[in-house]
Amino acid sequence: MKETLINNFLRISRIPRESGHEEKIADFFVNVAKENNLYYFKDENNNVLIKKKGNINSKPIALQAHLDMVCVKSKGSNHDFLNDGIEVIIDGDKVTAKDTTLGADQGVGLTMMLTIMEDNNLKHPDLDFLFTVEEETTFKGAVTFPYSKVESKRLINLDYAKDDVVVNGSDGDILNEYSIKGKIIENNLPSYKILIDNFPGGNSGENIELSRNNAITTMAQLLKEKDILLSRINGGTFENDLATYCEVIIHTNLDVEKIFKNLDSKIEKVDSRYSFSEEDTRNIINEILELKCGYISSNNASGNLGIIKTKDNEVKIYYIVRSIDEIELDGISSKSKALNNHFQVNEIYRDSVWKVNKESELFNKYKNLYFREFNEYPKEEIGHGGTECSSIKKRIADLDIISIGANMVKIHSIDETTYISSWLKTFNFLIKFLESL
């Protein structure tokens with residue numbers, strides 16, 4: 001089974017699957033269904049449903065994973081995520097990628113589903129395999145899929161990153177876009193382009209404690225109350241991830257080297273004649289700092305400022321808030337919209353809280369079988385960060401759902417790593433669990 005899992009992971013890794021461009025990986029799974037004479041359905045968004053008849057007398061169950069991956073590469077890499085597969089590096093038990101994100105999130109879950117689809121010697125109930133798009137960006141797949149085609153009232157999501165944990169709830173989240181169109185003025189002050197880079201990366205849900213001092217907030221802290229005019233500010237790659245870099249163009253008579261003396265920064269004198277006004281500069285910096293990042297309540301609600309970008313005279317910020325409490329979530333979002341820095345706010349999306357259900361039959365069966373197998377219960381966690389589970393559960397009445405997965409670290413970064421031994425543990429136990437239902 002080890003070689004099968006490795007081979008299937010490599011098959012999936014060869015297929016480009018950037019968020020919003022899942023057509024190739026969707027077609028791959030459709031072709032697998034055709035080759036194995038399985039029912040399949042693909043919608044206009046490239047979501048895919050495949051059904052496989054079971055061989056035990058039990059209610060049907062769904063396995064679910066997302067088709068897309070976060071695409072980040074190292075500086076100087078020529079990798080084209082729209083056309084190139086991932087160059088996977090296997091070093092003993094450890095699996096990484098060369099100069100890019102690995103896509104273990106959610107390539108490992110896809111690998112397990114592919115393996116079950118193609119193996120007719122496994123015992124399991126009737127299975128629905130649900131593959132969704134754009135989990136890493138808009139949740140478009142989970143929101144738009146026509147769930148009337150899904151027979152199962154039980155579902156196992158394979159998107160968690162710890163093999164000794166079962167998830168039975170997750171925070172809801174809200175993504176807001178904050179925009180300001182500033183006044184552009186001409187000035188003759190010296191101008192500098194400054195880059196701060198190589199901040200810790202990865203998924204903010206997994207590493208939210210690092211968000212407080214991400215590259216964008218650090219840049220704003222350094223420039224706050226300084227005699228500068230801001231011309232441009234750009235930073236971050238994905239709203240849900242930690243911002244690893246921030247680049248500004250500023251106008252000032254100050255000693256720029258002194259401002260950034262304690263950071264690994266790149267400073268370049270440039271020819272720039274135009275900037276935002278003093279008032280707009282102050283408003284932009286204050287907005288960044290007042291959108292609190294990291295854990296921001298005793299209830300472990302959190303915020304992450306993932307992206308800031310400038311185009312002409314407009315600056316846009318993308319900030320996501322999370323909480324297990326719907327009222328708190330709305331309150332934090334409303335407060336962030338009311339900051340007095342003249343930004344306009346547009347809600348891009350929101351995902352419901354997945355409320356913990358200790359009476360879940362699937363959850364309790366999983367825990368008890370895990371205990372019998374490993375002589376200890378799995379850890380019970382609430383997912384920090386919205387998962388597709390909440391969106392799917394909202395759309396399938398009376399759905400019983402859990403989330404599990406194999407070990408992964410530093411996801412959404414070029415240091416993303418997963419472990420074959422953990423694939424085997426998770427897969428073998430998943431098969432035993434399906435057989436026990």
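This one's a predicted model, so the numbers in the text were calculated from it and none came from an experiment. Sequence positions, counted from 1, serve as the residue numbers for this chain.
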Using a 3.5 Å distance criterion without hydrogens, assess whether the side chain of [X] forms a donor-acceptor pair with backbone atoms of [Y].
| X | Y | result |
| --- | --- | --- |
| T217 | N214 | yes |
| R350 | G172 | no |
| S191 | V270 | yes |
| K52 | I116 | yes |
| N47 | A142 | no |
| T310 | N234 | no |
| S277 | D280 | yes |
| E239 | E177 | no |
| D84 | H79 | no |
| D91 | K94 | no |

Salt-bridge test for [X] and [Y]: reply yes if a basic N is under 4.0 Å from a carboxylate O, no otherwise.
| X | Y | value |
| --- | --- | --- |
| K367 | E380 | yes |
| D128 | K51 | yes |
| D27 | K42 | yes |
| E347 | K337 | yes |
| K261 | D255 | no |
| E118 | R11 | yes |

Does [X] reach the side chain of [Y], with side-chain heavy atoms less than 4.5 Å apart?
| X | Y | value |
| --- | --- | --- |
| I402 | V167 | no |
| T100 | E87 | no |
| L158 | F427 | no |
| L305 | I317 | yes |
| E136 | D241 | no |
| I382 | W354 | no |
| F343 | I284 | yes |
| F29 | L67 | yes |

Of all heavy-atom pairs between [X] and [Y], which one has the smallest distance, and what is that distance?
| X | Y | answer |
| --- | --- | --- |
| A406 | T426 | CA-OG1, 3.5 Å |
| E279 | H342 | OE2-NE2, 4.1 Å |
| C246 | M219 | O-CE, 3.5 Å |
| S19 | D68 | OG-OD2, 2.6 Å |
| E416 | L102 | OE1-N, 2.9 Å |
| I216 | G236 | CD1-N, 4.1 Å |

Going by atom types alone, do [X] and [Y] pair a side-chain donor with an acceptor below 3.5 Å?
| X | Y | value |
| --- | --- | --- |
| Y178 | S336 | yes |
| S403 | D159 | no |
| Q106 | E135 | no |
| E22 | H66 | no |
| N286 | K224 | yes |
| S390 | D351 | no |
| R322 | S204 | yes |
| N46 | H21 | no |
| S275 | N187 | yes |

Exercise. Which pairs, with at least one residue in residues 278-316 and sequence neighbours excluded, count as a ring-ring contact (aromatic ring centres under 6.0 Å, His included)?
Worked result: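 Residue pairs with at least one partner in residues 278-316: Y295-H384.
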Within a 6.0 Å radius of atom [atom1] on [X], are there more than 12 heavy atoms belonging to other residues, nucleotides or ligands?
| X | atom1 | answer |
| --- | --- | --- |
| E359 | CD | no |
| K379 | NZ | no |
| I327 | CD1 | no |
| Y147 | OH | yes |
| K98 | NZ | no |
| K410 | NZ | no |
| Q344 | CD | no |
| K425 | NZ | yes |

For this session: Report the C-alpha separation of L289 and Q221 in whole Å, then their side-chain angles, then the decisive distance to 0.1 Å, and conclude whether the side chain to side chain contact (heavy atoms under 4.5 Å, CB included) test is met.
Result: CA-CA 7 Å; L289 294 177; Q221 289 162 2; 3.6 Å; yes
Problem set entry | Nearest-0.5 Å distance, CG of residue L229 to CG of residue L223 |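 Between L229 CG and L223 CG, I get 11.5 Å after rounding to 0.5 Å.
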Exercise. How long is the gap from CD on E290 to OH on Y319, to the nearest 0.5 Å?
Worked result: 11.0 Å
For this session: Just do the side chain to side chain contact (heavy atoms under 4.5 Å, CB included) check on I259 and I194 with the steps written out, would you?
Result: CA-CA 11 Å; I259 295 174; I194 302 144; over 6 Å; no
For this session: Using the six-membered ring wherever Trp is involved, compare the ring planes of F9 and W423 and label them parallel, tilted or perpendicular (cut-offs 30° and 60°).
Result: tilted
For this session: Could you give me the CA-CA distance, side-chain angles and deciding distance for V165 and I404, then say whether side chain to side chain contact (heavy atoms under 4.5 Å, CB included) is met?
Result: CA-CA 7 Å; V165 168; I404 62 171; over 6 Å; no
Problem set entry | Pair E326-S352, side chain to side chain contact (heavy atoms under 4.5 Å, CB included): steps then yes or no | CA-CA 8 Å; E326 294 276 10; S352 305; 3.9 Å; yes
Exercise. Passes side-chain hydrogen bond (donor to acceptor under 3.5 Å, both in side chains), S333 versus N176? Steps please.
Worked result: CA-CA 8 Å; S333 180; N176 290 326; 3.0 Å; yes
For this session: Would you please name every residue forming a ring pair (Phe, Tyr, Trp, His ring centres under 6.0 Å) with F260, sequence neighbours left out?
Result: none
For this session: Answer yes if the ring centres of F429 and Y366 are under 6.0 angstrom apart, and no otherwise.
Result: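 Yes - the distance between ring centres of F429 and Y366 falls below the 6.0 Å cut-off.
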